[in-house]
Amino acid sequence: MHSFNFTLLKKDALTQARLGEISTRRGKIETPIFMPVGTLGTVKGVLPETLLDLGAQIILGNTYHLYLRPGHELIRNLGGLHHFMNWDRPILTDSGGFQVFSLNKLRKIGEEGVHFQSHLDGSSHTLTPEFSIAIQEALGSDIIMAFDECIPYPSSREYVLEATERSTRWAQRSRDAWQEERGAALFGIVQGGMFEDLRRKSSDDLLDIGFEGYAVGGLSLGEEINLMYDIMEFSLPLLPEDRPRYVMGVGTPEDLVEGVARGGDMFDCVMPTRNARNGVLFTTFGKISIKQNRYREDPAPPDPECSCYVCRHYSRAYLRHLFQSKEILASVLNTHHNLHYYLNLMREIREAVRQGKFSEFKANFYRKKSK
RNA sequence: GGAGGGGUUCCCGAGUGGCCAAAGGGAGCAGACUGUAAAUCUGCCGUCGAAGACUUCGGAGGUUCGAAUCCUCCCCCCUCCA
């Protein structure tokens, strides 16, 4: 039962940009795609129905967080994550590998797996590749990520080598634990820090194991932006052309455009949703901080070129007022706009690649930003 | 009329001789945020400025080397009794 498939529809002539389509048991996904992050079984502040309206085709869930609360068994017993949260499109679950990084003070890495102290109540837990896969399968994830370690930056070459090789062993164990017949796809994650040879080694080893798709992990961790672009540029072409390539945790609108130009198909990031809650809106002309005093009496919509619900109905002055007043609707409206911006950006990117005008689109994208 | 309490930097509120341009909170302003420990966090927040200087704690005097802090008078607010 092989319900997962990737079809490469078009390759850009001047860049590495690709147009493709992923088939999953829960429907198709057009690539390049941006996947909103819904860590705890909700994209914060957005109704699933609204996500559909915004054009979201796939969202993320998180193994570590859902395991801790409410528990993967509970979710399985209640019909799986899709039913639980009322989202019937594809869900990709992160394996907990990012929490190895972000909860660095609360965890201990061993060969077997990672020991965590829950950030909720301090209780002890151990995540292994096998357990991470089991949790993701219990959740009913459509795209399961191998359990890895997102390696901090900067790290010594020695440590990156050690961690990358361990992640490769974990990838093999994830592959062994994965039950293909259940219908979910499994992606491997390339590590290797900022070292090209280690990235290459990691890719080669993962290709030997064999996955339905490949991710480039360990990016946007504070490194120079151009270094990140260089690593993407080096790492993405190492991956098979006939499999989706997922750039994990990236990024800003600029990062998405640059990522697509370097061959990325899938992206996810908390930026549009988190920044929305923190008062930052992404627009055609760059980002704006809606809490700034300059918008106090500004009757203009956040982005004059945006057609989203928020921009059609509300002024910057109103959004500033809601934010300053700490109203819940501020988060809702800001998130709505930002997700619209991100998803629309990807829509435009796909259309540009389809028409063979990606470079033109990219130039125009930057021209407007600098206005 | 009598008894008591109090007036502190935008607001609330600590401070009762030097370590005070004055705790803390709020508001305000600015910034950060990239596989979500995040509706979070950081910085600024009397004036000019690099250091430093200058003006502040209801008002006016006074004591003291030194006062938001002690004394005198005045103004205002609150509570209780008549």
Side-chain angles (χ1 to χ4, degrees), chain A residues 34-46 58-66 68-69 91-107 116-122 132 136 141 143-151 153 167 187-191 213 215-225 228-229 232 246-256 258-259 264 266-282 287-296 320 322-335 338 342:
Chain A
F34 175 78
M35 309 181 282
V37 179
T39 304
L40 284 162
T42 168
V43 175
K44 297 182 195 298
V46 192
I58 173 173
I59 61 173
L60 259 66
N62 186 278
T63 300
Y64 169 84
H65 291 281
L66 292 171
L68 282 187
R69 184 170 61 189
I91 291 177
L92 179 151
T93 44
D94 184 33
S95 60
F98 185 70
Q99 279 64 47
V100 179
F101 161 79
S102 66
L103 301 176
N104 70 89
K105 291 191 183 85
L106 293 172
R107 59 49 169 178
F116 286 97
Q117 224 176 326
S118 163
H119 66 284
L120 298 173
D121 61 8
S132 173
Q136 295 182 69
S141 172
I143 298 178
I144 291 174
M145 299 306 297
F147 187 58
D148 69 331
E149 175 190 354
C150 180
I151 305 166
Y153 175 83
S167 280
F187 280 29
I189 305 173
V190 176
Q191 290 296 341
V216 174
L219 293 180
S220 58
L221 303 175
E223 71 276 16
E224 265 300 302
I225 198 67
M228 177 175 99
Y229 292 159
M232 287 199 302
Y246 168 22
V247 184
M248 303 186 81
V250 172
T252 64
E254 291 78 5
D255 294 345
L256 297 182
E258 298 298 335
M266 303 163 72
F267 303 85
D268 81 282
C269 192
V270 301
M271 192 162 279
T273 46
R274 179 186 288 170
N275 279 18
R277 296 193 302 282
N278 293 332
V280 171
L281 298 174
F282 293 95
K287 60 181 185 177
I288 66 173
S289 178
I290 200 62
K291 56 185 168 183
Q292 287 185 332
N293 186 248
R294 56 194 290 202
Y295 301 122
R296 208 167 69 87
R320 176 176 193 275
L322 290 182
F323 187 86
Q324 294 296 79
S325 308
K326 298 180 165 49
E327 281 294 332
I328 293 169
L329 192 58
S331 290
V332 172
L333 295 181
N334 292 347
T335 301
N338 278 353
Y342 265 66

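The shown structure was predicted, so the numbers you read here are calculated from the model rather than taken from an experiment.
Between A:Met35 atom CE and B:rG35 atom C1' the separation is 8 Å, expressed in whole Å. Residue A:Gln136 contributes atom CD, which lies 11 Å from atom C1' of B:rG35 at whole-angstrom precision. Atom CG in A:Leu40 sits roughly 9 Å away from atom P in B:rA37 (whole-Å rounding). Between A:Arg320 atom CZ and B:rA27 atom P there is a gap of 13 Å when expressed in whole angstrom units.
Residue A:Gly45 is out of contact with every strand shown, counting any heavy-atom pair closer than 4.0 Å. No contact: A:Glu223 has no heavy atom under 4.0 Å from any strand. Among the atoms of the strands shown, base atoms are found under 4.0 Å from some heavy atom of A:Leu106. Counting non-hydrogen atoms under 4.0 angstrom, A:Ile189 reaches a base of the nucleic acid. Using a 4.0 Å heavy-atom distance criterion, A:Val247 is classed as making no nucleic acid contact.
Pair assignment for B:rC10: B:rG26, on the basis of Watson-Crick or G-U wobble contacts that are both within less than 3.5 Å. Using Watson-Crick or G-U wobble geometry with both donor-acceptor distances under 3.5 Å, B:rA39 finds no partner in any strand shown. Nucleotide B:rU34 is matched to nothing when pairs are restricted to Watson-Crick or G-U wobble geometry with both distances under 3.5 angstrom. Pair assignment for B:rG1: B:rC81, on the basis of Watson-Crick or G-U wobble contacts that are both within less than 3.5 Å. If you check B:rG61 for Watson-Crick or wobble pairing at under 3.5 angstrom, you find it paired to B:rC71. For B:rG66, there is no paired nucleotide, since no Watson-Crick or G-U wobble pair has both relevant distances below 3.5 Å. In this structure, B:rA53 and B:rU47 make a Watson-Crick or G-U wobble pair, each of the two defining distances being under 3.5 angstrom.
Between B:rC29 and A:Asn293, a contact under 4.0 Å exists linking OP1 or OP2 to a side-chain N or O. Between A:Gln99 and the phosphate of B:rG35, there is no side-chain N or O to OP1/OP2 separation shorter than 4.0 Å. The phosphate of B:rG28 (OP1 or OP2) has a side-chain N or O of A:Gln324 nearer than 4.0 angstrom. Dashed line: the shortest gap from a side-chain N or O of A:Ser102 to OP1 or OP2 of B:rA37 is under 4.0 Å.
Residues passing the ring-ring contact (aromatic ring centres under 6.0 Å, His included) test with A:Tyr342 are A:Phe34, A:Phe282, sequence neighbours excluded. A search for ring-ring contact (aromatic ring centres under 6.0 Å, His included) contacts involving A:Tyr229 returns nothing, not counting sequence neighbours.
Taking the side chain as every heavy atom from C-beta outward, A:Ile225 and A:Glu254 never approach each other to under 4.5 Å.
For an aromatic pair to be called close, the ring centres must be under 6.0 Å apart, and A:His119 with A:Tyr64 satisfies this.
Judged by distance alone, with hydrogens and angles left aside, A:Thr273 brings a side-chain donor or acceptor within reach of the base of B:rU36, the pair sitting under 3.5 Å. With hydrogens and angles ignored, a donor-acceptor pair under 3.5 angstrom links the side chain of A:Asp148 to the base of B:rG35.
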Evaluate the side chain to side chain donor-acceptor pair (under 3.5 Å) criterion for residues A:Gln191 and A:Ser167: first the C-alpha distance (whole Å), next the side-chain angles of each, then the deciding distance (0.1 Å), finally the verdict.
-> CA-CA 8 Å; A:Gln191 290 296 341; A:Ser167 280; 5.5 Å; no

Let me have a per-nucleotide readout for nucleotides 39-44 of chain B, 5' to 3', with B, S or -, counting only protein heavy atoms under 4.0 Å.
-> SB----

